[in-house]
Amino acid sequence: MTAPDLSVPLCGVRLGNPLVLASGILGTSAELLERVARCGAGAVTSKSCGPTPRAGHPNPTVLAWGHGLINAVGLSNPGADEEVRILRDAKARLAPLGVPLIASIFAETVQGFGDVARKVAEAAPDFIEVNISCPNVEAEFGRPFAADARDAAAVTAAVRRAVSLPIIVKLSPNVPDIAAIARAVEGEGADAIAAINTLGPGMVIDTDSGKPILANRTGGVSGPAIRPIAVRCVYDVSRAVRVPVIGIGGVTCGRDAVEMIMAGATAVGIGSAVYYRGPEVFAAIREELRGFMETHGYSDISQMRGLAHDA
Amino acid sequence: MTAPDLSVPLCGVRLGNPLVLASGILGTSAELLERVARCGAGAVTSKSCGPTPRAGHPNPTVLAWGHGLINAVGLSNPGADEEVRILRDAKARLAPLGVPLIASIFAETVQGFGDVARKVAEAAPDFIEVNISCPNVEAEFGRPFAADARDAAAVTAAVRRAVSLPIIVKLSPNVPDIAAIARAVEGEGADAIAAINTLGPGMVIDTDSGKPILANRTGGVSGPAIRPIAVRCVYDVSRAVRVPVIGIGGVTCGRDAVEMIMAGATAVGIGSAVYYRGPEVFAAIREELRGFMETHGYSDISQMRGLAHDA
Amino acid sequence: MTLDLPTAFRIRDIRDESPTVRTFTLDGAVQAEPGQFVMVWLPRVNEKPFSLVDDAPITLTIARVGPFTEAAHRLRVGDRLWLRGPYGRGFERLARPAVLVAGGYGAAPLAFLARRLRAEGVEVAVALGAKRACDLVLAERFRDAGCSVHLATEDGSLGHRGLATDVAARLLDANPDAALYACGPEAMLQRLAHLCRERGVPGQFSMERMMKCGLGVCGSCDHHGLLVCRDGPVFSADQVLGARGDFPSPCGRA
Amino acid sequence: MTLDLPTAFRIRDIRDESPTVRTFTLDGAVQAEPGQFVMVWLPRVNEKPFSLVDDAPITLTIARVGPFTEAAHRLRVGDRLWLRGPYGRGFERLARPAVLVAGGYGAAPLAFLARRLRAEGVEVAVALGAKRACDLVLAERFRDAGCSVHLATEDGSLGHRGLATDVAARLLDANPDAALYACGPEAMLQRLAHLCRERGVPGQFSMERMMKCGLGVCGSCDHHGLLVCRDGPVFSADQVLGARGDFPSPCGRA
Ligand SMILES: Cc1cc2nc3c(=O)[nH]c(=O)nc-3n(C[C@H](O)[C@H](O)[C@H](O)COP(=O)(O)OP(=O)(O)OC[C@H]3O[C@@H](n4cnc5c(N)ncnc54)[C@H](O)[C@@H]3O)c2cc1C
Ligand SMILES: Cc1cc2nc3c(=O)[nH]c(=O)nc-3n(C[C@H](O)[C@H](O)[C@H](O)COP(=O)(O)OP(=O)(O)OC[C@H]3O[C@@H](n4cnc5c(N)ncnc54)[C@H](O)[C@@H]3O)c2cc1C
Ligand SMILES: Cc1cc2nc3c(=O)[nH]c(=O)nc-3n(C[C@H](O)[C@H](O)[C@H](O)COP(=O)(O)O)c2cc1C
Ligand SMILES: Cc1cc2nc3c(=O)[nH]c(=O)nc-3n(C[C@H](O)[C@H](O)[C@H](O)COP(=O)(O)O)c2cc1C
Ligand code: FES
Ligand code: FES
């Protein structure tokens, strides 16, 4: 048997392997993005960037609560202008490594999404990821755009008009019917879908003080705890649309990555696992994935994709 | 200091302690309900019963996936007529123990809820719990009633008209705004609210066969993994309504129970913890709770209730 | 260690025990006590409980009685089956002569028990019952383990004509301070439980109930407030006969 | 063991080190290496990183510089504070004479280190620097641990007039095969890192960056692709100076 081929195509871009650094984890600087690429990621996503600088919420912003993480970082970011510099630098560092760059953006208004997309496109990332699903800024912005098919479609259309780069729209699990949202954004020209953003929100209360620990009180839940929800979302979305899906949520080992792919994912996002296994987690999962394919006689990732659909 | 008082009032009924056996766990027979009462529960809930017998889904129906359980039992039940016999027997066994009985019901139609409520009321349980939130029978019945404020209100009103017993309405976390649903059912006469039913649904795929393991493919997620979501729901609901809340979801130890109470719960449901610690979990958590109160100088459960609200 | 999720094993060997019973030897091992069971999953078919006949290699003896067991009987060497477990409380092995009573495929957990008892130097007499001679299963395993095997068939085609319970009574006559271990049809267990009570013989009985979760949560396997999947499947005579308040856990007698 | 969630401790003792620096001794212990830090939470205020001055009992030395540290300074004996951790990689203790260089509250992790080094029989010389005499902190701890302590003040009010780095250079002159351990303002660390490079002295430097998660995920504490909370806070001279590709993890040189 020939060695398994771990590479996957994503909207015409080739990823050396399906593992993608998820947005908001280590993606704050060009050097960190480079490091993650060197650690074995197939693609890297920058931390979501908005139109103007935001400090985010005060601490505590991230906690490890036993079965996952919970975070309310509050979309801290340096603003689109500074982000362009970071992305340009990142792109230059990633090019020799052959690792594509996904630039994640958010905004408060439909128009804002178009503006930020146009701005960050100046840095020529390989993809723009549209984060319409952050649950940690609701109080400020109202319900996330991902909660409503029309809002989600409108944002997608605005970004589509603004840039010609491939667009990934990132969805929230906190909706009654994620497949409907997926169809809506596909209809407006999304080239790929990322699912899922954090679950909830959730809350962790300190029983000594009686206070919610996160300064924002509530936060989005990620990590191992959310994997079955993420797998179901990826299954639902990938059966509803034709565009590729980046499956994200609770993946910490090779088997988890295989599960996402069998649920229908083309690529697999890795976030909280960086806490559990360090930045080295990318090479580790990549090799676990390779080992699984060897043991089970798969020569190509696509042979596993969506296997669960004909169950 | 006097010994802490663990008893709590729930709609005029006194529970010896706040721990309530959650519906669907061990509540299938009068003898099991008695056993759980003897194991230290403050109240016990029978498995949800519908109008007619249902076999439920084929196996696998319940799995322990690492950070919780996932189940698609499919509301297997013996039908309301047989249930009345079980509840009568249970009531007789529980009376000498002073442990109240909560009879859980479901139905496919608003009218059906009223009918089943009227029927099970013949057995004179202390409460009727209205399960409008089971995610495992969606394909059959359409979206659960708990997903829409008007549907939830209509079911509550139908049960309210049918019986004079205190009514607990059990809500789903799988909605964008659980507080709105809570207000809607309170408005139609719910005497208490139980939150939450299982999360999701989720899916677990076997990577050797590529198949979802549950026969129903998807199932509701429970256990430690859902605790932060449950705590946030209880926090949201208890700030939105005046009626007492039974906080359910991922509680496995005394600290978890305290967290639920600080989030605003009057009583605390225990389900999946029976898997982790056996039926003995009730006395164990009760003693952990007592120890916490002693250490922290609380003499009454109500002193802890909703502490997180003024954070 | 317990396998929490169904885990794939390949079938290494299949052996016909009778026209309707087959023994499957898998290519892996678990750590189990005799009397414990596993949940066997066949994707798209169902998941059902089966006793372990051995834990290393994993060995199952499956009687064909309905859709799932028919599917299992269609499996060939090299095919996969999935299992989780082992679950439940097995037999407690006492340091006395042992009388084992098996009805039909009830021989499965007892064959495992016999081997362990013999390894511990305990004398083992087995009463093996079935309808007809061809339905007697696993007799060889008991003999290989060094047990004295006593057969009973309802049609008298081999051994004692009648029930294994009759044989068991005679074996107890000969061994008044023996312990009894039994697995088989409910009626047989009830009868043996009465026998043990009457004679003051310690008895352990592996019972069956409809199982869903196998985890002690769904309540489907209730037997008078006992959970067959968690408190059992092995019970005492009093528990078999449904004596009140005889819960195995400390909370039993409130 | 790491405390994952903020855990309450009571303050057993408070000691004024200087007009703006206080040492808090708590009523509990953790297991830590010198150089590791904890995230201290004050409900409704904030959560901020602080080095451990000792792990048993937990001891923190906190300089008042802004809202959080002001709130900390308002705490009294008997009050509670919460912490999670310890996090990060501490100092690696080498079996050579040690020169410790502390700027301001940078003395905190070095006091812990000094005690461990002395317990291991290592000779320790400490260069302790601050603006004014009254800002010098923890000198007694170093002396009690059996270190030779060399003071420097910018205004010359005590010890050498000038910087701790000058003193450090002289101490290294006297001990050419010493190892250097430092904590203090960024400029001081940069200067010392250059010094170590020039002289070929092994140096370890505890750095500070804005911390949010402390868990190595948020990227807020980035220093040239290194995570101060996870890869650090203790770094080599090359890492302090931002040498390319000098990641601490095996993935560093792809
Ligand atoms: C602890 C335990 C150990 C067992 N060990 C063995 C064994 O070693 N060998 C063996 O052949 N059989 C064993 N069984 C019985 C076996 O589980 C059933 O024969 C099997 O489930 C039948 O499934 P089916 O689809 O082929 O037949 P069905 O037509 O579905 O059922 C036939 C009969 O099997 C029983 N049964 C069906 N489903 C279940 C279920 N989910 N749980 C429990 N019983 C069920 C019922 O009595 C039913 O009437 C054991 C059962 C239990 C509870
Ligand atoms: C690994 C590490 C160990 C530290 N050990 C000590 C110690 O032992 N004793 C001590 O007094 N101080 C220590 N600090 C610094 C301490 O964290 C800051 O002084 C404190 O956060 C200031 O908060 P504030 O609200 O009082 O002031 P602010 O007004 O918020 O900030 C004052 C300055 O403190 C720094 N700072 C603020 N917030 C953070 C943050 N979240 N993470 C890192 N730095 C921040 C910034 O440089 C800022 O300019 C340490 C910092 C780090 C990173
Ligand atoms: C600390 C933290 C910060 C995050 N920030 C962002 C963000 O800025 N933009 C975004 O789209 N997702 C963000 N996420 C969500 C992740 O990208 C990912 O969707 C989620 O964590 C689920 O994946 P995981 O279980 O592998 O972590 C963040 C997650 C964490 C834990
Ligand atoms: C196996 C199983 C069966 C359940 N059946 C029901 C049911 O019939 N009715 C109901 O209202 N909730 C049912 N639930 C949900 C529980 O009552 C509870 O709301 C949920 O499991 C969360 O609590 P936990 O994390 O403590 O298990 C079931 C849960 C499980 C695990
Ligand atoms: S099979 Fe579910 S409790 Fe025994
Ligand atoms: S503080 Fe978050 S990565 Fe270091």
Side-chain angles (χ1 to χ4, degrees), chain A residues 63 65-68 70 143-144 147-148 172-177 199-213 217-219 221 223-236 250 254-263 292 295-296 304 306-311, chain B residues 63 65-68 70 143-144 147-148 172-177 199-213 217-219 221 223-236 250 254-263 292 295-296 304 306-311:
Chain A
L63 298 167
W65 54 273
H67 301 273
I70 184 165
R143 201 186 281 182
D148 183 277
S172 164
N174 312 314
V175 296
D177 184 1
L199 187 70
M203 176 183 282
V204 179
I205 295 170
D206 170 59
T207 50
D208 281 305
S209 61
K211 306 273 176 276
I213 305 178
R217 290 200 184 87
T218 63
V221 179
I226 73 168
R227 208 182 75 238
I229 310 281
V231 167
R232 189 265 307 165
C233 287
V234 168
Y235 178 90
D236 282 353
R255 284 259 180 182
D256 294 348
V258 170
E259 190 181 9
M260 277 292 182
I261 293 165
M262 288 179 167
F292 179 91
T295 309
H296 290 74
M304 303 188 284
L307 266 190
H309 291 185
D310 20 78
Chain B
L63 298 168
W65 54 273
H67 301 273
I70 184 166
R143 202 187 282 182
D148 184 277
S172 164
N174 311 313
V175 296
D177 184 1
L199 187 70
M203 177 183 282
V204 179
I205 296 169
D206 169 61
T207 50
D208 281 304
S209 62
K211 306 275 177 273
I213 305 177
R217 288 198 184 90
T218 64
V221 179
I226 73 168
R227 206 183 76 239
I229 310 282
V231 168
R232 189 265 307 165
C233 288
V234 168
Y235 178 90
D236 283 353
R255 284 257 180 185
D256 295 348
V258 171
E259 190 181 10
M260 277 293 181
I261 292 166
M262 288 181 168
F292 179 91
T295 309
H296 290 73
M304 303 188 284
L307 266 192
H309 291 184
D310 20 77

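Letters A, B, ... mirror the listed sequences (proteins, then strands); counts begin at 1.
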With the side chain counted from C-beta on, respond yes when B/Leu199 and A/Leu199 share a heavy-atom pair under 4.5 Å apart, and no when they do not.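 Yes. Closest side-chain heavy atoms under 4.5 Å.
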Decide yes or no for B/Arg255 and A/Asp208: does some side-chain heavy atom of the first lie under 4.5 Å from some side-chain heavy atom of the second?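 A side-chain contact exists here, since the closest heavy-atom pair is under 4.5 Å.
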Return the minimal non-hydrogen interatomic distance between A/Thr207 and B/Met262, and the atom names on each side.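 Residues A/Thr207 and B/Met262, closest heavy atoms: O-CE, 3.2 Å.
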Do you know which two heavy atoms are closest between B/Pro224 and A/His67, and how far apart they sit?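 In this case the closest contact between B/Pro224 and A/His67 is CB-NE2, 3.4 Å.
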By a 4.5 Å heavy-atom criterion (distance strictly below it), what part of [X] contacts chain B: side chain, backbone, both, or neither?
X	result
A/Val175	neither
A/Ala263	both
A/Asp206	backbone

Below 4.5 Å, heavy-atom pairs only: which of B/Ala225, B/Pro228, B/Ala230 has the largest tally toward chain A?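 Among B/Ala225, B/Pro228, B/Ala230, the one with the most close pairs to chain A is B/Pro228.
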Quick check on the interface: out of B/His296, B/Met304, B/Met260, B/Glu259, who has the most heavy-atom pairs with chain A under 4.5 Å?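 Top option by heavy-atom pairs under 4.5 Å: B/Glu259.
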Value rounded to 0.5 Å, distance of CD1 in A/Ile205 from OH in B/Tyr235: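 Going from CD1 on A/Ile205 over to OH on B/Tyr235, the span is 8.0 Å.
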Spatial distance of atom CG (B/Asp177) from atom CG (A/Asn174) [nearest 0.5 Å]: 12.5 Å
